[in-house]
Amino acid sequence: MDNETYDQFTLTSDQLEWELNFLKENMNVKIVSYQGEILGIDLPTSVELKVIETEPSVKGNTAQGATKNAKVETGLNVQVPLFINEGDVLLIDTREGKYSSRA
């Protein structure tokens, strides 16, 4: 929806296949269009997403650069450092879909 005119826009899941990994409800994004035809959306460089599922951290599990899999609130699976726990909010790079830092 356009926040100024309140015009509604319809996009198909095919137009947003990659972007759906980062979209949250009520998130503001820019619409990309050409000659009146909507092509997709322009995501911010990074988004904050909450970890909903990951393996627990084990003390002593501190190998240099070790990672584990974590599922965030949009369903995206990302590789994160071992110290990340469920409930943590992460900064995810939308260009590559990779963990950047804690938010």
Side-chain angles (χ1 to χ4, degrees):
M1 172 177 29
D2 187 321
N3 290 339
E4 293 176 10
T5 64
Y6 301 108
D7 289 339
Q8 297 283 334
F9 300 102
T10 304
L11 299 167
T12 65
S13 58
D14 292 338
Q15 291 173 297
L16 301 175
E17 194 168 340
W18 174 251
E19 292 86 350
L20 287 174
N21 290 313
F22 310 101
L23 287 178
K24 296 188 330 184
E25 197 169 315
N26 297 321
M27 184 177 183
N28 288 323
V29 294
K30 293 181 181 177
I31 301 289
V32 177
S33 64
Y34 179 72
Q35 295 183 348
E37 182 181 342
I38 296 175
L39 303 175
I41 62 171
D42 189 18
L43 290 170
T45 306
S46 59
V47 293
E48 292 182 4
L49 298 173
K50 184 177 181 180
V51 176
I52 59 168
E53 186 180 312
T54 189
E55 300 168 11
S57 299
V58 177
K59 191 168 185 168
N61 218 2
T62 57
Q64 182 74 17
T67 61
K68 62 182 179 179
N69 196 40
K71 187 175 186 177
V72 295
E73 60 190 302
T74 60
L76 177 68
N77 287 309
V78 293
Q79 291 295 311
V80 298
L82 296 176
F83 59 82
I84 299 297
N85 298 307
E86 286 184 22
D88 288 351
V89 178
L90 309 178
L91 208 56
I92 305 294
D93 185 326
T94 59
R95 296 166 296 187
E96 298 179 0
K98 293 184 178 180
Y99 165 84
S100 294
S101 66
R102 280 189 186 169

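- Nearest heavy atoms, Leu49 versus Asn21: CD1-O, 4.0 Å.
- Taken together through direct or relayed side-chain contacts under 4.5 Å among Ile, Leu, Val, Met, Phe, Trp and Tyr, Leu23 and Val72 form part of one hydrophobic cluster.
- In terms of modelled atom types and a separation under 3.5 Å, the side chain of Thr45 and the main chain of Asp93 share no donor-acceptor contact.
- In this structure a side-chain-to-backbone donor-acceptor pair under 3.5 Å is present from Glu73 to Lys50.
- Using a 4.5 Å cut-off between side-chain heavy atoms of Ile, Leu, Val, Met, Phe, Trp and Tyr, with links allowed through other members, Trp18 and Leu90 fall into the same hydrophobic cluster.
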Side chain to side chain contact (heavy atoms under 4.5 Å, CB included) between Arg102 and Ile84, worked out: CA-CA 8 Å; Arg102 280 189 186 169; Ile84 299 297; 3.7 Å; yes

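- The side-chain heavy atoms of Gln79 and Asn69, taken from C-beta on, include a pair separated by under 4.5 Å.
- Minimum heavy-atom separation, Ile38 to Ser33: CA-CB, 4.0 Å.
- The local environment of NZ in Lys68 is crowded, with over 12 non-hydrogen atoms from other residues, nucleotides or ligands closer than 6.0 Å.
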Step-by-step side chain to side chain contact (heavy atoms under 4.5 Å, CB included) determination, Ile41 to Lys30: CA-CA 6 Å; Ile41 62 171; Lys30 293 181 181 177; over 6 Å; no

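- Rounding to the nearest 0.5 angstrom, the gap separating the NZ atom in Lys98 from the CG atom in Leu76 is 12.5 Å.
- In terms of hydrophobic clustering, with Ile, Leu, Val, Met, Phe, Trp and Tyr side chains grouped at heavy-atom distances under 4.5 Å, Ile52 and Tyr99 are assigned to different clusters.
- Shortest non-hydrogen contact noted between Asp88 and Asn85 is OD2-N, 2.8 Å.
- Ile31 and Phe22 end up in the same hydrophobic cluster when Ile, Leu, Val, Met, Phe, Trp and Tyr side chains are linked at under 4.5 Å.
- For the residue pair Leu11 and Gln15, the shortest heavy atom distance occurs at CA-OE1, 3.2 Å.
- Rounded to the nearest 0.5 Å, atoms OG (Ser100) and CD (Glu48) are 11.0 Å apart.
- Hydrophobic clustering of Ile, Leu, Val, Met, Phe, Trp and Tyr side chains at less than 4.5 Å, counting indirect connections, unites Phe83 with Val51.
- Of all non-hydrogen atoms in Thr74 and Leu20, the two that sit nearest each other are CB-O, 4.1 Å.
- Other residues, nucleotides and ligands contribute over 12 non-hydrogen atoms within 6.0 Å of the NZ atom of Lys24.
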Val47 and Met27: CA distance, side-chain angles, deciding distance, side chain to side chain contact (heavy atoms under 4.5 Å, CB included) verdict: CA-CA 10 Å; Val47 293; Met27 184 177 183; 3.2 Å; yes

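- Minimum interatomic distance between Gly97 and Val78 (heavy atoms only, all atoms of both residues): O-CG1, 3.4 Å.
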